[in-house]
Amino acid sequence: MRVVLDTNVIVAALKSSTGASHEILRLANLGAIQPALSVSLITEYEDVLHRPDMEIPLSTSQIDAVLDRLCKISINQAIHFIWRPFLPDPKDDMVFEAALAASAPFIITFNDKDFKPVTSMGIKALKPRDFLLEL
């Protein structure tokens, strides 16, 4: 099952090994779900995860190793059509575009309310816990 992970899910997964976000990364690593990434989305992950104010309890090299693994297990999705502006936040648009281009039925995000318009395109935006319950 293809999914697109919002940046906030990756941050949460790296901050706590006991939450739903961490479980989603674990499932992706096991091949139970397949994340889809675009160049802009992985660049966003990298930028946000390396910010000191994120207070991620991992070293820079550990964060880079997680990102490298995520790139290895994910679909590298090219974006051929830009749908911007579609959502209120331009950074959410890049998540939506990756999901649409990859035919991913789910966007996993803590900001599910901001992604409400994606339902018109056949995509469900779910919080990590809700996604796990749907599985």
Should [X] and [Y] be counted in the same cluster of Ile, Leu, Val, Met, Phe, Trp and Tyr side chains packed under 4.5 Å apart?
| X | Y | value |
| --- | --- | --- |
| Leu5 | Leu135 | yes |
| Ile75 | Val3 | no |
| Val39 | Phe96 | no |
| Met1 | Leu132 | yes |
| Met121 | Leu41 | yes |

Please name the pair of heavy atoms, one in [X] and one in [Y], separated by the smallest distance, quoted to 0.1 Å.
| X | Y | answer |
| --- | --- | --- |
| Ala104 | Ile123 | O-CG1, 3.7 Å |
| Asp114 | Pro117 | O-CD, 3.9 Å |
| Ala99 | Ile107 | CB-CG1, 3.7 Å |
| Val11 | Leu49 | CG2-CD2, 3.7 Å |

Inset, instruction - Give the C-alpha distance, both sets of side-chain angles, the deciding distance and a yes or no for salt bridge (charged side-chain N to carboxylate O under 4.0 Å, His left out) between Asp68 and Lys72. - result: CA-CA 6 Å; Asp68 288 347; Lys72 186 173 182 164; over 6 Å; no
Legend entry - Heavy-atom check, side chain of Val48 versus side chain of Met54, under 4.5 Å: yes
To the closest 0.5 Å, what do you measure between [atom1] ([X]) and [atom2] ([Y])?
| X | Y | atom1 | atom2 | result |
| --- | --- | --- | --- | --- |
| Asn111 | Asp92 | CG | CG | 6.0 Å |
| Asp6 | Met94 | CG | CE | 8.5 Å |
| Leu58 | Asp64 | CG | CG | 10.5 Å |
| Asp47 | Ile42 | CG | CD1 | 11.5 Å |
| Ile56 | Arg51 | CD1 | CZ | 10.0 Å |

Inset, instruction - Please list, chain by chain and in numerical order, all residues satisfying ring pair (Phe, Tyr, Trp, His ring centres under 6.0 Å) with Phe106, sequence neighbours excluded. - result: Phe131
Legend entry - Which residues share a ring pair (Phe, Tyr, Trp, His ring centres under 6.0 Å) with Phe115, sequence neighbours left out: none
Legend entry - Whether Arg2 side chain and Ala102 backbone form a donor-acceptor pair below 3.5 Å: yes
Legend entry - Check: Phe110 main-chain N/O paired with Asn8 side-chain donor or acceptor under 3.5 Å: yes
Inset, instruction - Give every residue pair that meets the side chain to side chain donor-acceptor pair (under 3.5 Å) criterion with at least one member in residues 27-39, sequence neighbours excluded. - result: Asn29-Arg69, Ser38-Ser40
Inset, instruction - Quick one: which residue pairs count as a side chain to side chain donor-acceptor pair (under 3.5 Å) with a foot in residues 118-133, not counting sequence neighbours? - result: Lys124-Glu134
Legend entry - Leu70 vs Leu25, side-chain contact (heavy atoms from CB on, under 4.5 Å): CA-CA, chis, key distance, verdict: CA-CA 8 Å; Leu70 190 57; Leu25 280 190; 4.2 Å; yes
Legend entry - Set of side-chain contact (heavy atoms from CB on, under 4.5 Å) partners for Asn76, sequence neighbours left out: none
Legend entry - Derivation and outcome, side-chain contact (heavy atoms from CB on, under 4.5 Å), residues Ser21 and Ile10: CA-CA 7 Å; Ser21 297; Ile10 305 297; over 6 Å; no
Inset, instruction - Test side-chain contact (heavy atoms from CB on, under 4.5 Å) on Val95 and Thr109 and set out the steps. - result: CA-CA 10 Å; Val95 175; Thr109 180; over 6 Å; no
Inset, instruction - Test Val4 against Ile108 for side-chain contact (heavy atoms from CB on, under 4.5 Å), laying out the working first. - result: CA-CA 6 Å; Val4 173; Ile108 305 172; over 6 Å; no
Inset, instruction - Using a cut-off of 6.0 Å, state whether more than 12 heavy atoms not belonging to Gln62 lie near its atom CD. - result: yes
Inset, instruction - Could you list all the salt bridge (Lys or Arg N to Asp or Glu O under 4.0 Å) pairs where at least one residue sits in residues 14-36, not counting sequence neighbours? - result: Glu23-Arg26
